[in-house]
Amino acid sequence: MRILVTGALGMLGHVLCETLRDAGHDVTAKDLPELDITHVPACEAAVAGHDWVVNCAAFTAVDDCETKEKIAFEVNAVGPAVLARAARSAGARLVQISTDYVFAGDAGTPYDEDAPLAPRSAYGRSKAAGEWAVRAEHPDALIVRTAWLYGPGGRNFVTTMARLAVERDSVSVVDDQRGQPTCTLDLARYLTELIGADPPAGVYHGTSEGETTWHGFAQAVFETLGHDPSRVLPIASADYPLPAPRPAYSVLGHRRSDAVGVNRLPNWRAALQASAHLVVESV
Ligand SMILES: NC(=O)c1ccc[n+]([C@@H]2O[C@H](COP(=O)([O-])OP(=O)(O)OC[C@H]3O[C@@H](n4cnc5c(N)ncnc54)[C@H](OP(=O)(O)O)[C@@H]3O)[C@@H](O)[C@H]2O)c1
């Protein structure tokens, strides 16, 4: 299939392009400055001739979004709307990548794909608006929410912990936020399978199996890379204040993946063990 990937130089985008090509697809990779997803004529021209569009472009600096909410909405809501409209007119299906931050994070059991949205941060509001805009412009679109991403080819939580393990005696990491660390390699495989299945429109959750805290994730990074995990100390979010509030509970359920017969992603710990060395060596 002919597939346009936007945001193709980003952490997810570049891995997805490679995975789709390995699966035999004809991939067009676009990112800034060549393609700005908020630019209508550029998007119409870029989308033409493709069967699918996967939008990995986003303004992802969560804390910066608090003071730059207008830019966040431009990139995370208007951009997806522009792409969705262009894709619909060109007869292409669209996958919009979204986030666990669209939820309040105060649940105690995994969020269902149809759970009500209640974002608590500017980033979350802009991504929730992006979901709504995509559904309005392109009723046949897919929205794939992911979370806690890491992967090869850039800085992320795993590479930061690998660096701190060498630089410091101990590292303090929050232990009261739960989520699903997810490797871009696994998410890219999931997205490739999902596209191949040509599934019904709507929301899908592309996150690892299992759950942990950032502290648990950090300890697992230390352990996998041969460092003593007891050097990672637990702290509360209140002791590590950030501009944007983080969801305390960000675990997503996988009901719709099961319903369409698309394989779930692997368990987060197994995925980390399989990828950590590659991720760290890629920066
Ligand atoms: N990272 C996570 O933990 C995480 C968690 C949940 C969901 N997600 C979602 O997953 C998707 C991919 O995230 P990621 O971590 O791969 O993000 P990323 O590394 O920040 O990549 C985003 C890419 O989009 C580009 N971009 C920004 N504005 C654009 C515009 N107006 N037009 C075209 N391209 C533009 C960026 O270019 P510049 O670098 O030049 O700005 C960058 O190359 C996003 O939808 C994100 O919201 C990520």
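Every number for a ligand or one of its atoms is a count from 1 in the order of the listing. Numbering starts at 1 and runs along the sequence shown.
- Using a 4.0 Å cut-off between a side-chain N of Lys or Arg and a carboxylate O of Asp or Glu, Arg246 and Asp63 qualify as a salt bridge.
- Judged purely by distance below 3.5 Å, without hydrogens or angles, the side chains of Glu66 and Ser121 never pair a donor atom with an acceptor atom.
- At a 4.0 Å heavy-atom cut-off, the residues surrounding ligand 1 are Gly7, Leu9, Gly10, Met11, Leu12, Asp31, Leu32, Leu35, Asp36, Ile37, Cys56, Ala57, Ala58, Thr60, Val75, Ile97, Ser98, Thr99, Tyr123, Lys127, Thr146, Ala147, Trp148, Leu149, listed by chain and number.
- In this structure, the side chains of His215 and Val174 stay at 4.5 Å or more apart for every pair of heavy atoms.
- Taking the charged nitrogens against the carboxylate oxygens, Arg2 and Asp26 have no contact shorter than 4.0 Å, which rules out a salt bridge.
- Shown here are the ring pair (Phe, Tyr, Trp, His ring centres under 6.0 Å) partners of His227, two or more places apart in sequence or in another chain: Phe222.
- Residues Ser98 and Glu131 bring a donor and an acceptor atom of their side chains to less than 3.5 Å of each other.
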